[in-house]
Amino acid sequence: MRGKTVMFVGDSLGRNQFESLICMILAANPQTQTQMNRAMPLSTFKFLEYGVSISYFRAPFLVDVDVMQGKRIVKLDDIAGNGNAWRMADVLVFNTGHWWGHEGSLRGWDLIQSGGKYYQDMDRLVAMEKGLRTWANWVDSNVDITRTRVFFQSASPDHYNPNEWSAAATATTAKNCYGETEPMKGTTYTSTYADQMGVVNEVIREMHVPTYLMDITMLSELRKDGHPSIYRGDFSPSQRANPQKSADCSHWCLPGLPDTWNELFYTVLFY
C-alpha cells in the first residue's frame with residue numbers, strides 16, 4: 001500500500017471504522033511518523049514513512065447536501081460536489097444507512113430535491129434508492145478500475161430497542177443498550193435494515209464497476225454489548241446520569257467491533 005490512499009466515505013459509522021484502522025496500524029508500528037489533518041468534511045491521517053494516507057469524508061447520504069436560504073437540501077440527483085473529493089483515492093469504502101431513517105430533530109434535511117422538484121419528505125426507502133443510484137452512476141462514470149478498488153459497507157445496526165433481543169423487555173426494564181454485557185445468542189436476528197439491504201444489493205448488482213459488498217450487518221446485530229453507551233468521551237456528567245435518554249447505542253467502542261470489520265476489510269483487500 002506504499003504511496004496509496006484509502007478513503008472512507010459516509011456517515012459516522014464510516015468514521016468509526018476509519019479511526020479503528022488507524023489505531024490498528026499504529027499498534028503494529030507505534031514508532032512510525034504520522035500526521036493528522038482533521039477538518040470538515042475531510043479528515044486525513046498520514047503514515048509519512050510509507051506515504052500512506054487514510055481519509056474519512058463525511059457524507060451521510062453520499063449525495064450532495066446544499067444549504068439554500070438557511071434550508072438543508074438533500075439533492076438526490078446530484079453528487080458532483082462530494083465526488084470531486086473522491087476521484088484520486090486508490091481504495092474507496094462507502095457506507096450509508098442510518099440518516100435515511102432519522103425523524104424529528106435528528107432528520108438531516110429540511111427539503112429533498114429530486115427530478116427538479118422539492119419535497120418536505122418522501123418514502124425513505126425510495127429516497128435512499130434514488131440517492132444510491134446517483135452514487136452508482138458516479139462510480140460507473142468516474143472510477144478507473146485499473147487504479148481504484150471500490151467497497152460498500154452494509155448498514156451497522158443500532159441497539160435502542162430491547163425488544164429486539166429480550167422478549168421480557170418492558171417499559172420499566174431496559175430502554176436501550178445501557179448495561180448490556182453479553183452478545184446476543186444464536187444466529188437469527190431482527191434487523192431494521194433488511195429493506196435497505198435489499199436496495200443496496202439491487203443497486204450494486206446493476207453496477208458496471210466491480211463493487212465489493214462487505215456485509216457486516218448480521219455480525220454487528222449480535223453485538224448489543226459493544227456500544228459506548230454512557231461512556232462516550234464527550235458526554236457531560238448529566239448525560240451520563242441519564243442513560244435512558246443519553247446512551248449512545250449507534251457507534252462502537254474502540255477497541256471493539258469495527259476492528260473486526262477491518263480484519264474482514266484487510267482480507268478482501270489483499271486475498
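Nothing fancy with the numbering, it's 1 onward along the sequence. Remember, it's a predicted structure, so these values are computed and weren't measured experimentally. Side chains are part of it too, since the values below use all heavy atoms of this structure and drop only hydrogens, waters and symmetry mates.
Exactly one of Glu164, Glu180, Glu182 qualifies for a salt bridge (Lys or Arg N to Asp or Glu O under 4.0 Å) with Lys224. That residue is Glu180.
Between the CZ atom of Arg147 and the CE atom of Met88 there is a distance of 4.0 Å, given to the nearest 0.5 Å. How far CD1 of Ile79 is from CG of Leu62: 6.0 Å, rounded to the nearest 0.5 Å.
The aromatic ring centroids of Phe151 and Phe94 lie 6.0 Å or more from each other.
The side chain to side chain contact (heavy atoms under 4.5 Å, CB included) test applied to Gln120 returns Leu111, not counting sequence neighbours. A search for side chain to side chain contact (heavy atoms under 4.5 Å, CB included) contacts involving Asp78 returns Asp64, Lys75, Ala80, not counting sequence neighbours.
A salt bridge links Asp121 with Arg124: the closest approach of a Lys/Arg side-chain nitrogen to an acidic carboxylate oxygen falls below 4.0 angstrom.
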Full working for side-chain contact (heavy atoms from CB on, under 4.5 Å) between Phe45 and Ile25
CA-CA 11 Å; Phe45 192 97; Ile25 297 173; over 6 Å; no
Before giving the answer on ring-ring contact (aromatic ring centres under 6.0 Å, His included), spell out for His227 and His159 the whole-Å C-alpha distance, their side-chain angles and the decisive distance to 0.1 Å.
CA-CA 8 Å; His227 299 285; His159 291 91; 4.9 Å; yes
Start with the C-alpha gap between Tyr231 and Phe235, add the side-chain angles, then the distance that decides, and say whether ring-ring contact (aromatic ring centres under 6.0 Å, His included) holds. CA-CA 7 Å; Tyr231 302 105; Phe235 273 7; 9.4 Å; no
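Contact check for Val126 versus Lys130: side-chain heavy atoms found under the 4.5 Å cut-off.
There is a path of hydrophobic side-chain contacts, each under 4.5 Å, that joins Val9 to Ile204. Met207 is connected to Val63 through a chain of hydrophobic side-chain contacts under 4.5 Å among Ile, Leu, Val, Met, Phe, Trp and Tyr, so both are in one cluster. Under the 4.5 Å side-chain heavy-atom criterion for Ile, Leu, Val, Met, Phe, Trp and Tyr, Phe61 and Phe8 are members of distinct hydrophobic clusters.
Heavy-atom minimum distance, Tyr56 versus Asp11: OH-O, 3.1 Å.
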